[in-house]
Amino acid sequence: MGGAAAWDHSQFTTSPPVYPSPNMTGAGGWDAALAKARDFLAEMTLEEKAFMVTGTTGPCAGNIAPIERLNFTGLCLQDGPLAIRQAIYASVFPAQLTAAASWDRDLIYKRGLYLGEEFKGKGAQIALGPVVGPIGRSPYGGRNWEGFSTDPYLSGVGVELTVAGIQDAGVQAVTKHYIGNEQETQRNPSVSPNGARIESISSNIDDRTMHELYLWPFYNAVRAGTASIMCSYNRLNGSYGCENSKSINGLLKEELGFQGYVMSDWTGTHSGVPAIEAGLEMNMPGGIAFSTPTPSYFGGNITIAVNNGSLAESRVDDMVLRILTPYFHLNQDADFPPVDESSATQNSFTKDTWVHDFALGPTVDVRSDEHTKLIRDLAAAGTVLLKNVDGALPLNAPKQIAVFGNDAADFSEGLYSFAGGFVSGSYDIGTLAAGGGSGTGRFSYLVSPLDAIKARAKQDNALVQYILNNEYITTNGFTTIAPEPEVCLVFIKAWATEGFDRESLLPDYNGSAVVETVAANCNNTIVVLHGTGPVVLPFANHENVTAILAAHMPGQESGNSLVDVLYGDVNPSGHLPYTVPVSEDVVPSTAHIVNSTALAETEDPLAWEADFEEGLLIDYRYYYADDKAAKEKVLYPFGYGLSYTTFELADLSTGASNTSTTNSSASASTIAPPGGRADLWAPAHTVRFQVRNTGARAGAAVPQLYVGLSNAGAPSGTPRWTLRGFEKVQLDAGEEKEVVLTLAKRDVAFWDTVSQDWVVPQGEIEVALGWSAGELLVKDTL
């Protein structure tokens, strides 16, 4: 993964080998649990060890078999990042995208904690989330909505808090997908027209970009103690992610000091001993995938390999220890609830197909009022006000309301978007509260926007008219609307799902035309967008579009959280975790999905290559490399969000901490403590400033701190500005508070490909404070 000033494709066709796979040490407070795991390991046979690291059939999405003679009841692995997908009577939380848009550390942590509580209540020791891969290199990525943000710093904050929350609830977090998993197209091998095996897309990433962008949030996850890392489907610089020794052994286990186990994505294992030697510990789902028998590279093959001398049993022992240590660390051996029997009915297997017996308990309702309140609060906090002309919002008890668009309605095709597999382009009528694929959730209920608006309007004795069919709206306009409404609320959406990449950044179902049609007839048109981001908004400057809200994917309390914002019970405080471009035309070619007719018909097994030539310059880092060009390309910048009040920043000052930022001569190849060397996290600088609410309403400001290394001696390719701090500050009208942000050494360093270390540039490091990447108001130097 050596870096290069200019892109040289030949450097990225292979990854340097890193062997052997390091043994865990129990660092990070896991030493007592490791001792228990060693005692348990001493009682195990080789066959039991082999099946401890191999998935089997069972009641959950993934299963590790029980060992009855050792009183081990097995492990239950369940999707996913926003809900227990395979469960009934469970909550569907806002997506991570919504959580990131809140920029609220407390709410993000609570979301993780409450998710963990529900997983535990259903008897799942392992939660398959959170997600920081994809990070969102391409705005067309089908799974971007599962992650937090296109910015590694914001993603790092989100994943660290979420891992902490899940594991504080006593459940193992699985941070995924490691690494470079930035498109769905050709994520798995395919078969050519002539029957040849065509390998998965190879994400070809240089060393510096790997560290500063894609690996960055995994530092945070490992520092938080994530029990597991799930390796990804794609190839990385030529070799599969689940058998790439450089990324797993070298980066993850040595440089980041990861102590847990590496788990394959489902059917992401393509070899046995080579994958094990490269650092893989757990093969999922084992010998059966998606109800189809498939050969397992682990299981009995491990026993054979140890017995014939091709695999050292000591490596298998470390695999088992890495799996058992988090189990003991989280006290999952002590009175952990049994697997909810209803979970089994939600998966593909019945008990007569299970290879091993699992103890099942009764159906448990894990929802709670506290969880529901958090879902509603977080969804409102993650709603971003993009436009608000002349105080169109909040609504002031209008008596004549008209609602338009298919996204306002209740679901029309069931409460579970995984029902048809990875479905693309379905779900016309119905609000978009979660995306599709394994990261979705089974709703036990949903509050639609229309139902919530009706309920609120009833308090004001208001009339609510509505047309929900988009085709009818664009064809017939206002023909059935009377009397004339005071306000027109238009609901549009942008669907995204695992298994497919987006074909367009426009709203789905002709949503832009729906807005244009309504706005042509209504001079107070308010647009609400649900779904993934970024979505281009060609109607944004229409004179009759008075307000725009990006409500993302809010979960089960969708309508209630939206009405809270529309009527001003909640002052919007969400900010974009990505950039909205003016059109698809300005999206750089490097951000498009690798796909073509030629590749679809190729007979070359290694033809699929994605060269990450843009390096660090994705999203706002690309758009704001040139401030003049940004004005022509950016509609709403990263970090942008309006409020019903106004805020002011003042009195920026910087100071050095007690910790030196002298560059270390320590080798990055030695095994580090969890999360990387301690000096990288040590406070290096403090930044102080005042933030004041200058309006008439209480509200929450989100001042953002950006660091500029490009003029301080950092190498070419360094972004002009990168986010390195933020704070959400609650302020009453007229109130002022001091905010102090701390920059760690890593925040002011770049990855030097020669010394293989983080290096602080020796010139003046710039800092800028503002409300978004496009509105940096106050600047200073460190």
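All values below come from the heavy atoms of this structure, side chains included, with hydrogens, waters and symmetry mates left out. Quantities reported herein were computed from a predicted structural model and do not represent experimental measurements.
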query = ring-ring contact (aromatic ring centres under 6.0 Å, His included) with F638: which of W103, W721, Y153, Y624?
reply = W103

Look up atom [atom1] in [X] and atom [atom2] in [Y], then write down how far apart they are to the nearest 0.5 Å.
X	Y	atom1	atom2	answer
L505	S138	CG	OG	7.5 Å
H270	S239	NE2	OG	11.0 Å
L782	L743	CG	CG	6.0 Å
L769	L705	CG	CG	6.0 Å

query = With distance as the sole criterion, is a donor-acceptor pair present between the side chains of S15 and N244 under 3.5 Å?
reply =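 Yes - a donor-acceptor pair under 3.5 Å links their side chains.
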
query = Do S438 and E498 meet the criterion of a side-chain donor-acceptor pair at a distance under 3.5 Å?
reply =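 The answer is yes; a qualifying pair exists.
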
query = Is the closest basic N to carboxylate O distance between E160 and R223 below 4.0 Å?
reply =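 Answer for the salt bridge query: yes.
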
Carboxylate-amine/guanidinium proximity below 4.0 Å for E255 and K246 =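 K246 and E255: not salt-bridged.
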
key: Aromatic contact, Y140 with H592 (centres under 6.0 Å)   = yes

inquiry  = Closer than 3.5 angstrom, by distance alone: can the side chain of D265 be matched with the main-chain N or O of Y233 as a donor-acceptor pair?
reply    =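 Pair absent, no side-chain N/O of D265 close to backbone of Y233.
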
task = Verify, without hydrogens or angle tests, whether S202 (side chain) and G238 (backbone) share a donor-acceptor contact under 3.5 angstrom.
result = yes

ask   = Would you say E603 has more than 12 foreign heavy atoms packed within less than 6.0 Å of its CD?
value = yes

request  = Apply the side chain to side chain contact (heavy atoms under 4.5 Å, CB included) test between V527 and each candidate in L386, L537, V545; give the one that qualifies.
outcome  =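 When L386, L537, V545 are each tested with V527, the side chain to side chain contact (heavy atoms under 4.5 Å, CB included) holds only for V545.
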
message = What I'd like to find out is whether the side chain of L213 reaches to under 4.5 Å of the side chain of R137, using heavy atoms alone.
response =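 No; the side chains remain at least 4.5 Å from each other.
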
query = Taking all non-hydrogen atoms of both residues, which atom of L128 and which atom of K176 are closest, and how far apart?
reply = O-NZ, 3.1 Å

